[in-house]
Number of protein chains: 2
Amino acid sequence: MKSLVLPGLDRPEGMTTHDYAFARLRQAIMVGAFRPGTSVTIRGLADALESSPTPVREALRQLTSIGALQFLENRRIVVPRITPARFEELISLRIALESHAARRAVAHLSDRQIDRIVTLDDAIEAAILAGQKAQALIANQQFHRQIYTANPDQVAMPLIESLWLQLGPILGIAMEHVTEFYVIDRHREAIEALRRRDEDAVAQAIAADIREGIGGFDQQAIGKLLALAG
Amino acid sequence: MKSLVLPGLDRPEGMTTHDYAFARLRQAIMVGAFRPGTSVTIRGLADALESSPTPVREALRQLTSIGALQFLENRRIVVPRITPARFEELISLRIALESHAARRAVAHLSDRQIDRIVTLDDAIEAAILAGQKAQALIANQQFHRQIYTANPDQVAMPLIESLWLQLGPILGIAMEHVTEFYVIDRHREAIEALRRRDEDAVAQAIAADIREGIGGFDQQAIGKLLALAG
DNA sequence: TTCCTAAGAATGTGATCACAAAAAGAACGG
DNA sequence: CCGTTCTTTTTGTGATCACATTCTTAGGAA
């Protein structure tokens with residue numbers, strides 16, 4: 001049985017079943033395809049991915065290591081719930097980590113790379129205008145990732161993505177309830193700062209971008225949703 | 001065959017084979033029992049832990065998710081090598097993350113908890129005086145963990161431990177070559193700041209503690225070792 | 001000696017199965 | 001109608017096995 005819920009993701013040939021399952025589930029969680037508190041089963045996902053329990057269990061175990069899932073005491077596997085306090089911690093950590101990563105990326109960014117970042121920002125706007133929420137979210141993540149990974153020795157990206165994964169489920173709820181996008185574009189501000197190679201300004205723009213709108217969503221609205229979903 | 005290399009770790013009854021394998025391997029890497037570049041095999045570890053490939057493979061996969069191990073393209077599993085640049089990134093991230101975590105823990109610390117932190121600091125000194133390097137390392141980690149986890153909603157600890165794991169192997173090398181401990185005790189400074197509930201001072205003391213000596217080791221010495229071990 | 005090739009060994013991968021624990025449902029008694 | 005107990009089903013766990021890939025090593029040719 002092939003799942004209709006999991007966002008599609010082509011499987012490059014040569015990729016192991018485990019890697020495919022991991023990538024697929026990870027992507028699904030990151031874009032909010034699972035709601036907080038949802039429970040998943042190994043066999044169920046194995047069927048959905050048309051494989052067997054072994055590689056799926058490995059993928060699920062990996063996802064717990066990065067906070068995307070949770071193995072409960074009763075051996076149930078669930079998408080973690082988020083309290084308002086935990087949400088606030090995650091956001092403040094995002095700000096700390098990502099402004100740090102952005103600052104340390106500035107020196108490594110070539111003009112050509114900055115041009116590519118601008119292209120990604122355009123893609124975000126295009127997705128928003130087209131009403132493709134999930135696509136806008138993915139493009140926004142790519143925008144951030146492109147900046148941080150310019151630093152070749154960077155080690156923060158996996159940690160940042162762990163935070164994105166933990167915030168994913170709540171974004172999924174937000175996407176259902178928010179009809180209007182708040183495009184408070186700190187991205188242009190960040191890009192200008194990148195062009196000037198102004199580390200402080202870049203860090204500040206990224207911090208503001210995170211604080212003011214989580215990937216285009218209004219934070220207050222999410223706060224209210226948390227009271228319900230927590 | 002039971003391994004003599006892996007640090008012992010009692011297996012509480014009811015703990016699954018997988019959890020035991022994960023905890024055991026994680027602890028081993030964290031205290032530097034494996035050198036950078038070391039390759040491990042699933043069957044080998046399964047024998048050492050007197051179990052089978054399945055739970056061990058799951059544990060190894062989890063360890064790769066947090067940067068403690070690496071699955072190479074050729075399907076070999078190795079302890080990642082660390083370049084001087086990567087080392088510097090890890091340290092700067094530790095400073096960013098841990099001073100952030102410390103700052104946000106201050107408000108939650110009771111006087112009783114601070115007393116317990118002092119006890120842990122005494123344990124570090126005792127271990128150093130007794131020449132028990134690994135024990136001193138563990139006690140030092142407990143000291144830091146005790147502070148950060150005082151914040152009940154904290155989400156940074158797993159990320160911080162990921163950094164500790166990535167630094168573990170290099171600490172293992174350092175422990176072999178460094179005969180003298182440099183006890184630059186910023187811990188007392190941190191404790192005093194905690195007592196005053198002075199967030200800035202706490203963050204500063206933690207940052208200085210990390211910068212000046214990684215768990216009691218001289219950083220410059222590690223830098224030199226990296227040139228050889230990278 | 002050096003390089004290349006081929007046979008054998010070692011290793012990761014993934015499906016399967018038996019088992020135990022937990023959850024869900026059915027039957028019964030108050 | 002509600003709660004309890006027993007049965008059935010579901011589900012995670014871990015050992016095992018077959019397969020494909022990779023590594024190792026032995027042998028031979030230049």
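To find a chain, count down the sequence lines: A is the first, B the second, and so on, and within it residues start at 1.
Looking at heavy atoms from C-beta onward, B:S92 lies in side-chain contact with A:H100 at the 4.5 angstrom threshold. Looking at A:Q27 and A:I138, their side chains come closer than 4.5 Å, going by heavy atoms from C-beta outward. A heavy-atom distance below 4.5 Å is found between the side chains of B:I124 and B:I128. The shortest distance between side-chain heavy atoms of B:L159 and B:L93 does not fall below 4.5 Å. In this structure, the side chains of A:L167 and A:R94 come closer than 4.5 Å at one or more pairs of heavy atoms.
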Pairwise N/O distances under 3.5 Å, protein to nucleotides 5-8 of chain D:
none

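Across the protein-nucleic acid pair, B:R43 atom CZ and D:dA15 atom P stand 14 Å apart, rounded to whole Å. For the pair B:L49 CG and D:dG14 P, the interatomic distance rounds to 12 Å; values are reported in whole Å. Taking atom OH of residue A:Y20 and atom P of nucleotide C:dA15, one finds them 13 Å apart after rounding to whole Å. In this structure, the CD1 atom of B:I77 is 14 Å from the C1' atom of D:dT21, given to the nearest Å. Rounded to whole Å, atom C1' of D:dG14 lies 15 Å from atom CD of B:E50. Atom CG of A:D19 and atom P of C:dG14 are 8 Å apart (whole Å). To the nearest angstrom, P of C:dG12 lies 12 Å from CG of B:D47.
Shown for residues 54-76 of chain A: residues whose heavy atoms fall under 4.0 angstrom of DNA chain C, namely A:T54, A:P55, A:N74, A:R76.
Listed by chain and residue number, A:R104 satisfy the salt bridge (charged side-chain N to carboxylate O under 4.0 Å, His left out) test with B:E89 (two or more places apart in sequence, or in another chain). Every residue two or more places apart in sequence or in another chain was checked for a salt bridge (charged side-chain N to carboxylate O under 4.0 Å, His left out) with A:R43, and none qualifies.
Screening residues 153-162 of chain B for side-chain hydrogen bond (donor to acceptor under 3.5 Å, both in side chains), with sequence neighbours left out, gives B:R26-B:E161, B:R145-B:E161, B:S162-B:Q166.
In this structure, the separation between CZ on B:F22 and OG1 on B:T17 is 15.0 Å, given to the nearest 0.5 Å. Interatomic distance, B:I117 CD1 to B:L109 CG, rounded to the nearest 0.5 Å: 5.0 Å.
In this structure, of D:dA15, C:dT16, C:dG12, it is C:dT16 that holds the atom nearest to the side chain of A:P53. For B:I42, the side-chain atoms get nearest to C:dT13 when compared with the rest of D:dG14, C:dT13, C:dG14.
In terms of phosphate contacts, B:T16 brings no side-chain nitrogen or oxygen within less than 4.0 Å of OP1 or OP2 of D:dT13. OP1 or OP2 of D:dG14 lies within a sub-4.0 Å distance of a side-chain N or O belonging to B:T17.
When the local axes at the two ends of the helix from C:dT1-D:dA30 to C:dG30-D:dC1 are compared, using 5 base pairs at each end, they differ in direction by 10° after rounding to 10°.
When all heavy atoms of B:R35 and B:P169 are compared, the pair lying nearest together is C-CB, 4.3 Å.
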